[in-house]
Amino acid sequence: MSELEAIDGQNWEAFLNSPKAVLLLGKTDCQACNEWTEELKAFLASGEAPQDVRYGKMLIDKPGLISFKRANPWLKDVHDLPTTFIYQNGDQKKSFVGKGVERLTNRLARLAG
């Protein structure tokens, strides 16, 4: 069973450089972000999630993300949350705004495709 990892200023590089990683960006006061988190956690607990993928959530309003923000200048253009990014070996491959397990699994399938 996969779990949703907490991604912060200390572990983001290793996480994103994984063979496959799904990064959910949110903020602490974002209701839609919290709903997507719960939906994703339920999906991961179901055992139906691809096991060769790491899943993580970063709260971009938390302190300690200077290195992530410097390395990813596109972050300043992210205004709609939650936003989910799919990485493969450190390269950003796909992304989507909003929530939805079906949207996530479709993008992961296309990436594997």
Side-chain angles (χ1 to χ4, degrees):
M1 177 179 87
S2 297
E3 64 181 52
L4 187 62
E5 301 175 46
I7 307 303
D8 58 26
Q10 302 298 313
N11 63 359
W12 70 268
E13 288 182 273
F15 177 81
L16 296 183
N17 285 312
S18 299
K20 289 183 191 169
V22 170
L23 177 65
L24 183 163
L25 292 184
K27 288 186 175 181
T28 44
D29 63 350
C30 170
Q31 182 61 32
C33 301
N34 294 331
E35 290 170 6
W36 179 212
T37 299
E38 293 308 310
E39 184 180 345
L40 185 55
K41 283 181 175 179
F43 175 61
L44 297 176
S46 75
E48 296 177 26
Q51 297 297 303
D52 63 337
V53 179
R54 290 178 71 181
Y55 301 87
K57 179 180 179 180
M58 177 184 283
L59 296 172
I60 60 174
D61 58 341
K62 292 283 188 180
L65 297 174
I66 302 281
S67 62
F68 178 79
K69 291 177 179 180
R70 285 185 181 152
N72 298 284
W74 52 261
L75 185 61
K76 70 183 179 322
D77 298 322
V78 174
H79 301 290
D80 297 318
L81 296 173
T83 302
T84 303
F85 296 90
I86 300 173
Y87 286 82
Q88 190 169 35
N89 299 313
D91 294 324
Q92 191 183 111
K93 298 293 187 178
K94 306 221 178 255
S95 66
F96 64 95
V97 175
K99 53 188 177 174
V101 166
E102 185 176 341
R103 295 173 75 196
L104 174 62
T105 56
N106 287 339
R107 283 163 179 80
L108 286 171
R110 279 186 255 158
L111 186 62

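Only this structure's heavy atoms are used, side chains among them; waters, hydrogens and symmetry mates stay out.
Distance check, rounded to the nearest 0.5 Å: CG of L104 to CD of E39 gives 9.5 Å. Between the CD atom in Q51 and the CG atom in L44 there is a gap of 8.5 Å [rounded to 0.5 Å]. Atom-to-atom distance recorded for L16:CG and I86:CD1 is 12.5 Å, nearest 0.5 angstrom.
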Return all side-chain donor-acceptor pairs below 3.5 angstrom for residues 54-74, not counting sequence neighbours, or 'none' if the list is empty.
residue	atom	partner	partner atom	Å
R54	NE	E5	OE2	3.0
R54	NH1	S18	OG	2.9
R54	NH2	E5	OE1	2.7
Y55	OH	P50	O	3.1
K57	NZ	T37	OG1	2.6
D61	OD1	T28	N	3.3
D61	OD2	T28	N	3.2
D61	OD2	T28	OG1	2.6
S67	OG	W12	NE1	2.9
K69	NZ	I60	O	3.3
N72	OD1	W74	NE1	3.2
N72	ND2	F68	O	2.9

Distance-only donor-acceptor hits, side chain of residues 88-101, under 3.5 Å, sequence neighbours excluded:
residue	atom	partner	partner atom	Å
Q92	NE2	Y87	OH	3.2
K99	NZ	E35	OE1	2.4

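Under the 4.5 Å side-chain criterion, counting only non-hydrogen atoms from C-beta, L25 is in contact with L75. A 4.5 Å side-chain heavy-atom check between T84 and L23 finds every atom pair outside the cut-off.
Annotation: side-chain contact (heavy atoms from CB on, under 4.5 Å) contacts of A6 (sequence neighbours excluded): none. Evaluation of the side-chain contact (heavy atoms from CB on, under 4.5 Å) rule for N106 yields E102, R110 as partners, not counting sequence neighbours. Residues that satisfy the side-chain contact (heavy atoms from CB on, under 4.5 Å) test with E48, not counting sequence neighbours, are F43, S46.
The disulfide (SG to SG under 2.5 Å) analysis of residues 3-56, with sequence neighbours excluded, yields the pairs C30-C33.
Taking hydrophobic clusters as Ile, Leu, Val, Met, Phe, Trp and Tyr residues chained together by side-chain heavy-atom distances below 4.5 Å, L81 shares a cluster with I7.
Side chain of N11 to main chain of D8: a donor-acceptor pair is present (N/O by atom type, distance under 3.5 Å, no hydrogens or angles).
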